[in-house]
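The chains referred to below are lettered A, B, ... by the order of the sequence lines, with proteins before strands, and numbering in each begins at 1.
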There are 2 protein chains.
Amino acid sequence: MKVSREEAEANHERIIDAASRLFRQKGFDGISVAELMTAAGLTHGGFYGHFKSKDDLVSLAVQHALARSGAAWTSITGDADKPFAALIDRYLDEAKLAEPGPACMFAALAPEGSRRSGDVRRAFADGFRSLTGILAGLLPAALRSRRRAASIAVFSEMVGALVLARSVDDPDLAREILRIVKADLKSRFPDKAAA
Amino acid sequence: MKVSREEAEANHERIIDAASRLFRQKGFDGISVAELMTAAGLTHGGFYGHFKSKDDLVSLAVQHALARSGAAWTSITGDADKPFAALIDRYLDEAKLAEPGPACMFAALAPEGSRRSGDVRRAFADGFRSLTGILAGLLPAALRSRRRAASIAVFSEMVGALVLARSVDDPDLAREILRIVKADLKSRFPDKAAA
DNA sequence: ATTATCTATAGATCTATAGATAATGC
DNA sequence: ATTATCTATAGATCTATAGATAATGC
């Protein structure tokens, strides 16, 4: 059964969306093309009409997830009295321990991404520039030119904390890592007091 | 052909050693049991005389790599005038970008480890406690009880920086990340001036 | 007529096991 | 006689493709 051009495009997006979530949950190699297509409500064989290869989908899924993160960051900080603290609290929320699906692509898959094609690593580089750019805008204006450096140090600490907290099997230790790093980052770069 | 009990034990160690390096290079799923055994100079079928399963080897390889890191950290800092700075400079050395084989198990495989068995995650938790313990001993005594928290913040930033630097396809950006985070950590926690 | 999707399968993996082989160590 | 290692293979994947099907859109 064929579908309309619009519906086919919607299917294309649905595959990317499911993939970007399922890859973060199970790893790039932890979910097969057949499982991905089932998750998107389609059958295995249809995949290769939408994408050149699985690696092609991987790079699109990374791009998609990182673009979404950027939009989420802008939305979270837009509403907040203390934008930097709000972002840190969200990024390192305890819920992120058990639910990597909707969380950060870097924390879930950057090391696996390092071993993949140039297209995938380009998507990570673009996402890195975009997310650290958003972060830099939240840091104290007094830092001036050091804002860029500070944003890179902050993002490293954010990603590292989530990676480490997820890797340990002790839930108390995992929560402690998140708590300590949230406090450390917020004390290093306090938002101006709210108006 | 059989070998002596001692030689068999040496083979056992050689498999773990090769695995701990090759897993960091290619991922837990990126190298097969057959390839691992070839790298150790043995044949495929012999593997299951040494280990219960591939996952069993994974947890031993994680343990082995993290124990080695602890020993290396102690050795690096033992000789140095500025132990903390020496450790940071080594951990975030540019050579670590292209050579994950001998580098940090957390930076290479913690996210993949998060998706594996309890044994593997216990090995990561033990390694985390051990390495942050070493770090805490290098931080200014004046921090007192906050040394533990500081060591966790520092280790997060170290791991995150290496993970991020490796994920981007732009070598200049990767080196910039390492350079910025090295400077940031050393300025936050300067060693006492050498005697 | 075109084309998005589906069914079925080729070909290449990979983990784990069964049974054979040959050197060690009682 | 015991046992570390080897050869060979079963069984279960997984990616990618070929050819059929059926609804869209000229």
Residue pairs meeting side chain to side chain donor-acceptor pair (under 3.5 Å), one or both in residues 85-113 of chain B, sequence neighbours left out, come to A:R115-B:E112, B:D89-B:K186
Which pairs, with at least one residue in residues 137-147 of chain B and sequence neighbours excluded, count as a side chain to side chain donor-acceptor pair (under 3.5 Å)?
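Non-adjacent pairs meeting side chain to side chain donor-acceptor pair (under 3.5 Å): zero.
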Of all of residues 4-16 of chain A, which get a heavy atom below 4.0 angstrom from DNA chain D, listed by number?
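Per residue number, the list reads A:S4, A:R5.
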Inter- and intrachain pairs under salt bridge (Lys or Arg N to Asp or Glu O under 4.0 Å), touching residues 64-74 of chain B, at least two apart
B:D17-B:R68
Pairwise salt bridge (Lys or Arg N to Asp or Glu O under 4.0 Å) hits with a residue in residues 40-62 of chain B, at least two apart:
B:D55-B:R116
Run the side chain to side chain donor-acceptor pair (under 3.5 Å) test against A:D126 and tell me which residues pass, sequence neighbours left out.
none
Protein-proximity profile, nucleotides 11-18 of chain D, B/S/- by nucleotide at the 4.0 Å heavy-atom cutoff, equals ---SBBB-
Donor-acceptor contacts under 3.5 Å from residues 174-183 of chain A side chains, at least two apart:
| from | atom 1 | to | atom 2 | distance (Å) |
| --- | --- | --- | --- | --- |
| A:R175 | NH2 | A:D172 | OD1 | 2.9 |
| A:E176 | OE1 | B:R148 | NH2 | 2.6 |
| A:E176 | OE2 | B:R148 | NE | 3.0 |
| A:E176 | OE2 | B:R148 | NH2 | 3.2 |
| A:K182 | NZ | A:L92 | O | 3.4 |

Ring pair (Phe, Tyr, Trp, His ring centres under 6.0 Å) partners of B:F47, counting only residues at least two apart:
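Partners of B:F47 under the ring pair (Phe, Tyr, Trp, His ring centres under 6.0 Å) test: B:F51.
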Please name all residues satisfying salt bridge (Lys or Arg N to Asp or Glu O under 4.0 Å) with B:R188, sequence neighbours left out, ordered by chain then number.
A:E157, A:D184
For DNA chain C, what dot-bracket results from Watson-Crick or G-U pairs at under 3.5 Å, with [ ] for crossers and | for inter-strand partners?
||||||||||||||||||||||||..
Can you list, pair by pair, the side-chain donor-acceptor contacts under 3.5 Å of residues 133-142 of chain B, counting residues two or more places apart and other chains?
none

Parallel under 30°, tilted from 30 to 60°, perpendicular over 60°: which one fits the rings of A:F155 and A:F106?
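The rings of A:F155 and A:F106 stand perpendicular, inter-plane angle above 60°.
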